[in-house]
Number of protein chains: 2
Amino acid sequence: MKIGELARATATKVETVRFYERAGLLPPPDRTDANYRSYGPEHLQRLSFIRRSRDLGFSLDAVRDLLALADDRGKPCDAVDAIASGHLAEVERKIADLTAMRGELRRVIGSCRHNTVADCKIIETLGPRRDA
Amino acid sequence: MKIGELARATATKVETVRFYERAGLLPPPDRTDANYRSYGPEHLQRLSFIRRSRDLGFSLDAVRDLLALADDRGKPCDAVDAIASGHLAEVERKIADLTAMRGELRRVIGSCRHNTVADCKIIETLGPRRDA
DNA sequence: CTTGAGTCTGTAGCGACTACAGACGGTAGA
DNA sequence: TCTACCGTCTGTAGTCGCTACAGACTCAAG
C-alpha cells in the first residue's frame with residue numbers, strides 16, 4: 001500500500017508517517033520504481049501500535065521502548081509494565097495539576113462582576129499587588 | 001533591581017525573564033552603565049502577573065491579551081472573562097482526555113500477568129491485530 | 001590581584017509534529 | 001494525446017515555552 005492509504009487506515013497524516021520513519025519508529029519500506037514508499041501489513045500493524053500508544057499519551061521515546069520490547073517476545077513483561085505504570089503516574093500527576101488549575105480558574109471567574117477592568121476581580125487576582 | 005533579584009523574587013529563571021522581554025511580555029527596562037538590566041517595581045508587578053497567569057495555564061498569547069486589558073482600565077471586564085472562560089473550557093477538556101487515558105491505562109496495566117512479552121496483555125492491547 | 005558569581009548577546013535544542021516549496025508520478029476525462 | 005489534478009517525493013522551517021549553552025564582560029569580596 002502507498003503512504004496515503006496507510007495514513008488513512010491509521011488516521012495519521014502522511015507527513016506524520018514520514019516523520020515516524022525519520023524518527024526511527026517505523027522501518028523504511030520498499031520503494032516502487034517511481035520511488036514511492038510501498039508498505040506491507042507489518043507496517044500497518046506497527047503504525048497501529050504507535051498510534052494506539054500515542055493515543056494513550058506515551059512519548060515517542062516510550063513508544064520506541066515498547067516497540068523494542070514487543071519485538072523481544074521472550075523477555076519478561078515487567079519492563080512493559082514499568083513503562084506503562086510510570087506513564088500512568090505521570091498522567092495522574094497531570095490530572096491533579098489541571099484539577100487544581102480548574103478550581104482556581106472557577107474561583108477567579110466566579111468573582112467577575114462584569115464591570116470595568118479597573119475593578120475586575122480576575123485582573124486583581126492575577127496581579128497580586130496592584131494598587132493603582 | 002537586577003535581573004537575578006527579579007528572577008528570584010518571582011521564582012523565574014533569568015533566561016526566562018529575558019525570554020519574556022524578547023517575546024514582548026515584559027517591557028525592556030533601563031540599563032546601567034555596564035549595560036545590566038535595571039528593573040523597577042512595575043516590572044516586578046508585571047512579571048508576577050505573567051507568572052501567576054502561566055501557573056493557571058494561560059498561553060503566552062493569552063497572557064499578552066490579559067496584560068493589554070489590564071492596562072486598559074476603562075474597558076469592560078467581559079473580554080477578560082471571555083479569555084478566562086475559554087481557557088477553563090480547554091482545561092476541562094484536557095482533564096476529560098487525561099481521565100479517559102487514565103482509565104485505559106489502568107485497565108491495560110491491571111491485565112498484566114507478569115509473564116513474558118509473548119503473552120503480555122499490555123503489548124496485545126497496544127498492537128490490536130498481532131497474531132504471531 | 002584573583003577568584004567566583006552575575007550579567008550580556010546570540011544561537012541552538014527540546015517534543016511531536018505541521019506546513020510549506022518545488023519537483024516529479026500516475027490517472028481519468030475531453 | 002493532452003491536460004488537469006491528485007498523490008508522492010525531499011528538504012527545510014515553523015510551532016510553543018522555554019532551556020542551555022558559548023564566549024565575553026562586570027562587579028564585589030577576600
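Naming convention: chains lettered A, B, ... in sequence-line order (proteins, then strands); numbering from 1 in each chain.
- Considering only side-chain atoms of B:Arg54, the nucleotide from D:dC18, C:dT18, C:dC17 that sits closest is D:dC18.
- We find that CD1 of A:Ile3 is positioned 16 Å from C1' of C:dG26, with the value rounded to whole Å.
- Proximity note for A:Arg31 (side chain, C-beta onward) versus C:dT18, D:dT19, D:dC9: the nearest is D:dC9.
- Proximity of A:Lys2 to the phosphate of C:dG25: no side-chain N or O atom is located under 4.0 Å from OP1 or OP2.
- The pair B:Arg64-B:Asp61 meets the salt-bridge criterion, since a charged nitrogen lies less than 4.0 angstrom from a carboxylate oxygen.
- Computed from coordinates, the A:Asp61 CG to C:dC14 P distance equals 11 Å when rounded to whole Å.
- B:Arg51 places its CZ atom 6 Å from the P atom of D:dC18, with the value rounded to the nearest Å.
- Classification of A:Asp71 and A:Arg46 as a salt-bridged pair holds, one side-chain N sitting under 4.0 Å from a carboxylate O.
- Separating the CZ atom of A:Phe19 from the C1' atom of D:dA13 is a distance of 14 Å, rounded to the nearest angstrom.
- Listed pair B:Arg37 / C:dT9 meets the phosphate criterion, a side-chain N or O lying under 4.0 Å from OP1 or OP2.
- For A:Tyr36 against C:dG26, no side-chain N or O and base N or O form a donor-acceptor pair under 3.5 Å.
- Within the structure, no pair that satisfies the salt bridge (Lys or Arg N to Asp or Glu O under 4.0 Å) test touches residues 3-18 of chain B, not counting sequence neighbours.
- To the nearest angstrom, C1' of C:dA19 lies 9 Å from NZ of A:Lys13.
- The side chain to side chain contact (heavy atoms under 4.5 Å, CB included) test with B:Thr12 singles out one residue from B:Ile50, B:Leu26, B:Val17, and that residue is B:Val17.
- The side chain of B:Thr16 sits closest to D:dC18 out of C:dT9, D:dT10, D:dC18.
- DNA chain D is contacted by both A:Ser38 and A:Arg22; A:Ser38 maps to the nucleotide lying nearer its 5′ end (nearest heavy atom per residue).
- Residue B:Asn35 contributes atom CG, which lies 14 Å from atom C1' of C:dG10 at whole-angstrom precision.
- Here the side chain of B:Ala34 is nearest to one of C:dT7, D:dT26, D:dC18, namely D:dT26.
- Both A:Gly4 and B:Asp33 sit near DNA chain D, but only A:Gly4 has its closest nucleotide nearer the 5' end.
- The distance from atom CD of A:Glu15 to atom C1' of D:dT8 is 11 Å, rounded to the nearest whole Å.
- Annotation: salt bridge (charged side-chain N to carboxylate O under 4.0 Å, His left out) contacts of B:Arg106 (sequence neighbours excluded): A:Glu92.
- Atom CD1 of B:Ile95 and atom CD1 of A:Ile95 lie 8.0 Å apart (nearest 0.5 Å).
- Among the atoms of the strands shown, none is found under 4.0 Å from any heavy atom of B:Arg8.
- Residue B:Ser59 is classed as a sugar-phosphate contact, given heavy-atom separations below 4.0 Å to backbone atoms only.
- In this structure, B:Arg18 reaches the bases: a heavy-atom distance under 4.0 Å links it to at least one base atom across the strands shown.
- When distances run from any side-chain atom of A:Leu60 to the nucleotides D:dT10, C:dC8, C:dC17, the shortest one goes to C:dC17.
- Checking the phosphate oxygens (OP1, OP2) of C:dC17, a side-chain nitrogen or oxygen of A:Tyr20 falls inside 4.0 Å.
- Here A:Phe58 lies out of heavy-atom contact (under 4.0 Å) with every strand.
- Distance, B:Glu21 CD to D:dG17 P: 18 Å, rounded to whole Å.
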